[in-house]
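Chain letters run A, B, ... following the sequence lines, proteins first and then strands; every chain starts at 1. Here the structure is a predicted model, which is why all the values come from computation and not from measurement.
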Amino acid sequence: MAIIGVPADWPADEAAALAVQHALRGRLVLDEDGPPVGEGHVTGLDVAYDDARDLVAAAAVVLDAGTLEVVEEATAVGRVSFPYVPGLLAFREIPTVLAALDALTADPGLLVCDGYGLAHPRRFGLAGHLGVLTGRVSIGVAKNPFTFSYEQPGGERGDFTPLLAQGEEVGRALRTRRGVKPVFVSVGHRISLANACAHTLALTPRYRIPETTRRADALCRRALAEARG
DNA sequence: GCGACAG
DNA sequence: ATCTTGTCGC
């Protein structure tokens, strides 16, 4: 598989990335409800790295939203486009993720990202960024609370508490499995927080992490291993 | 100034 | 994210 390069116009440093983030942030749509749960497609996106070899592999896995069966898979391998900087994760993942999305023939439907959307220092995390660039509905489901604060939600699946940034609800700590650490859901683009959580619950009938992310995680690791040779 | 900090 | 074996438990 061909290795895609870093886009010519990609931000070269933090200052440039912050400027792009600021410009794109204005295109975020936060007043839509998003698609109903269980209909159409849901697409999981994830990335794996080999910094030593300057490689990044991305996977996009399209699932039937009703049955959670795999409809289509696609991968892309690229060059690392940015170092990991908290708050600028999108610049590290997006070029390769977009290439994987472009390789799909099926309608991706709702994009489920491994990270944050609105829950971000400047309210524009990976999910929002990807949503704006593609025009698609997106949500972010992260495994860690980043810098935000939250109270421990109740122990039952579906229980949640607000994820707070200076008192503002930027997402939710959502319990997807009883007695297991919650996941951290935030809105990406064109969807409400309540609906983002409803989708997350529909994607976690068995494990803490959404089926979309689990599948994409396994696939991008495989793609990276193949790229290594 | 120092530490924390999605993946 | 990644470096990494076995192991306890359902």
Of the nucleotides [options], which one has an atom closest to the side chain of [X]?
X        : options             : answer
A:Glu93  : C:dT2, B:dC5, B:dG7 : B:dG7
A:Asp46  : B:dG7, B:dA6, C:dC3 : B:dG7
A:Arg228 : C:dA1, C:dC3, B:dC5 : C:dC3

With the stacking rule set at 5.5 Å and 30°, tell me whether A:Tyr84 counts as stacking on B:dG7.
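So yes, this residue stacks on that base, both cut-offs being met.
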Whether over 12 other heavy atoms sit under 6.0 Å from A:Arg228 CZ:
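Yes, enclosed.
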For the residue pair A:His129 and A:Phe91, categorise the inter-ring angle as parallel (less than 30°), tilted (30 to 60°) or perpendicular (more than 60°).
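It falls in the perpendicular class, over 60°.
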Take atom [atom1] of [X] and atom [atom2] of [N], then tell me their distance rounded to the nearest Å.
X        : N     : atom1 : atom2 : result
A:Ile209 : B:dG7 : CD1   : P     : 9 Å
A:Lys143 : B:dC5 : NZ    : C1'   : 15 Å
A:Tyr49  : B:dG7 : OH    : P     : 11 Å
A:Asp54  : C:dA1 : CG    : C1'   : 15 Å
A:Leu45  : B:dG7 : CG    : C1'   : 13 Å
A:Arg122 : B:dC5 : CZ    : P     : 17 Å
A:Leu224 : C:dC3 : CG    : C1'   : 14 Å
A:Leu130 : B:dG7 : CG    : P     : 16 Å

Contact class for A:Ala119 vs. all strands (heavy atom < 4.0 Å): base, sugar-phosphate, or nothing?
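Since no nucleic acid heavy atom lies under 4.0 Å of A:Ala119, the category is nothing.
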Quick one: label A:Gly87 by what it contacts on the DNA or RNA (base, sugar-phosphate, nothing), any heavy atom closer than 4.0 Å.
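The residue A:Gly87 makes base contact.
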Same cluster or not: A:Phe124 versus A:Leu163, using hydrophobic residues (I, L, V, M, F, W, Y) connected whenever any side-chain heavy atoms lie under 4.5 Å apart?
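No, separate clusters.
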Pair A:Tyr150 and A:Phe184, ring centroids less than 6.0 Å apart
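Yes: the rings meet the under 6.0 Å criterion.
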Would you mind reporting whether [Y] and [X] have side-chain heavy atoms less than 4.5 Å apart?
X        : Y        : value
A:Arg172 : A:Pro182 : no
A:His199 : A:Val112 : no
A:Val185 : A:Phe160 : no

Would you say the side-chain atoms of A:Asn195 pair up with the backbone N or O of A:Ser192, donor to acceptor, closer than 3.5 Å?
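Absent.
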When you measure from every atom of DNA chain B, which of residues 160-178 of chain A have a heavy atom less than 4.0 Å away?
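Under 4.0 Å from DNA chain B: no residue of residues 160-178 of chain A.
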So, applying side chain to side chain contact (heavy atoms under 4.5 Å, CB included) with A:Leu63, which one of A:Glu211, A:His41, A:Glu73 is it?
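Considering A:Glu211, A:His41, A:Glu73, a side chain to side chain contact (heavy atoms under 4.5 Å, CB included) with A:Leu63 is found only for A:Glu211.
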Contiguous Watson-Crick or G-U pair runs (3 or more, under 3.5 Å) in DNA chain B
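DNA chain B stems: none present.
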Does B:dC5 have OP1 or OP2 under 4.0 Å away from a side-chain N or O of A:Asn144?
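Checking A:Asn144 against B:dC5: no side-chain N or O falls below 4.0 Å of OP1 or OP2.
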I want to check one thing: is the phosphate of B:dA6, taken as OP1 and OP2, less than 4.0 Å away from some side-chain N or O of A:Arg92?
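For B:dA6, neither OP1 nor OP2 has a side-chain N or O of A:Arg92 closer than 4.0 Å.
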Any Lys/Arg nitrogen of A:Asp46 or A:Arg221 sitting under 4.0 Å from an Asp/Glu carboxylate oxygen of the other?
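No, no charged N to carboxylate O under 4.0 Å.
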